[in-house]
Amino acid sequence: MYRFPINEAVKHIGEKIKVSGWVNIKRSHGKIIFIDLRDRSGILQCVFIPSNKESYDKAQNLRTEWVVELVGQIIKRPDKMINPNIETGQVELSVEELTILSEAQTLPFAIETDGKEINEEVRMKYRYVDLKRERLKNNLIMRHKVSKFVRDFLSAEEFIEIETPTLTKSTPEGSRDFVVPSRLHPGKFYALPQSPQQYKQLLMCSGIEKYFQIARCLRDEDPRGDRQTEHTQIDIEMSFIEKEDFMELYERMLIKLVEILFSHKKIQKIPFPRITYKEAMEKYNSDKPDIRKDKNDPNLLAFCWIVDFPFFEKDEEGKWTFTHNPFSAPKTEFAEDLLEKNNIEKILTTQYDIVLNGWEIGGGSMRNHTPEALEAVFLVMGYTKEEIKEKFGHMIEAFSFGVPPHGGIGSGLDRIVALLLGEPNIREVIAFPKTGDGRDLMMRAPDEISPKQLKELHIKVDSAKSVKTEKFNSDSPNSVKSKKTKK
Ligand code: ASP
């Protein structure tokens, strides 16, 4: 028998149908037992009457969150009993057969609230329970819709989605790499990608012209605010374009996204204002200014572009380093200075950042596609020619086999979705997020590995230094109640 999604029940008055799901609430009125059955699509009231003895007797044992399959007739409720708050409020299921598919213990916390009142570490430990919550379920559905919109929009513009490797070589993107030891090549390590930057540029060398990927980026960051060790990026690269062409395309995509999926939101200004880094710092003292005219309006979206960033800045040791991306091209008027390594502090990059309500939601640039200029960037940063060859030889060589001018963007999907949904942090729109210090409380990762695995990987752990991360061993949610939730 076909299983109907609950929200379709209304269309089947008078018919015998099968539904299944979780017992949301059970209550008795006199001799009659009612349950609210919940599946992904909604809630349906189901009624057990004593004359239907077999199912009625079984129903007496039902408890919240048990998983059941029900067969019965959909009947129209009397007018007085209509519940206008649920989609199926006009009908109910008069149960004829009940099959119990699984029983359930009492949940560690309530799921009918928005959950924000519950200690977040407990929510993360029982994330699969937390995700039963309507708010989080909807967040995942909306995230899916945003990804699908991006895929459809870019596909219609002739972009193709290409997967790039997860096991790769260290890329200098300003963060620390996660590394993976190689069993087959003792003493050697892969790095997990901080972004697909080099691969997407190499795809431009191959003639792909328009690439995108909803890509996972992994960065071993120190615990900081709303950062996650892995985040998802809408990663795009395109050949034979200028900065303006690309910014226009990306802006158009964001406007359409809001129009189609978040039509109750209002974009403050179209086209998005362009603000130079200098102006932003002078006027807002921030390179991600919140330019909303009314900060109390939750539906106002103030996008802006920040441009004309300095290419280089001094690091803690007084050495030059890039501010955004070493693969960016300088603005044309500074091309000579870069090659000559003159006026380094004055060189501006083609970098553009996109900011929404004070959050940076992406950044990109036109790339440095001549081998000499790319080499010059690394020379300014103090690399020797040998080091450049060792680390970036493949890029410089690729650029010697015919490379089109190209540029693109990497934009944070998690942040975009969180902002559009009005969620306070990106963990609320990630199915299985980690804590600020990179722990997965549900899977208990990171974790030790067996001596056998270590041996195979040719690794010896300096046990004296083994990290003293606080282990989350408790099975009882109450034991962590006193701990402060990380914000
Ligand atoms: N790879 C850059 C980043 O992850 C984005 C880009 O320039 O495309 O920030």
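This one's a predicted model, so the numbers in the text were calculated from it and none came from an experiment. Atoms within a ligand are numbered from 1 in the order they appear, just like the ligands themselves.
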Judged by modelled atom types alone, do Glu251 and Trp305 share a side-chain donor-acceptor pair under 3.5 Å?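 Yes, a side-chain donor-acceptor pair sits under 3.5 Å.
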
Polar atom proximity, [X] to ligand 1 (N or O, under 3.5 Å):
X      : result
Ser195 : yes
Arg219 : yes
Gln194 : no
Glu237 : no

Run the numbers for me: atoms of ligand 1, each under 4.0 Å from some heavy atom of [X], listed by number.
X      : answer
Gln233 : 4 (O)
Gly410 : 5 (C), 6 (C), 8 (O)
Ile409 : 6 (C), 8 (O)
Asn325 : 2 (C), 6 (C), 7 (O)

With the threshold set at under 4.0 angstrom, would you say His324 reaches ligand 1 through any of its heavy atoms?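 The answer is no, since His324 has no heavy atom less than 4.0 Å from ligand 1.
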
I'd like to know whether ligand 1 has Arg367 as a neighbour, heavy-atom separation below 4.0 Å.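 Within the 4.0 Å threshold, so yes.
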
At what distance is the nearest protein heavy atom to atom 8 (O) of ligand 1, and which residue and atom is it?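 The closest heavy atom on the protein side is Lys200 NZ, 2.6 Å.
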
Quick one: do [X] and [Y] make a salt bridge, cutoff under 4.0 Å?
X      : Y      : value
Asp152 : Lys148 : yes
Asp222 : Arg176 : yes
Arg135 : Glu428 : yes
Arg38  : Glu65  : yes
Lys210 : Glu237 : no

Are Met238 and His406 close enough that some pair of their side-chain heavy atoms sits under 4.5 Å apart?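 A side-chain contact is absent here, since even the closest heavy-atom pair is not under 4.5 Å.
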
Could you tell me whether Phe378 and Phe392 have their ring centroids closer than 6.0 angstrom?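 Centroid separation for Phe378 and Phe392: below 6.0 Å.
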
Considering only heavy atoms, which of Gln197, Glu360, Met366 lies nearest to atom 1 (N) of ligand 1?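 Considering heavy atoms of Gln197, Glu360, Met366, the nearest to atom 1 (N) of ligand 1 sits in Gln197.
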
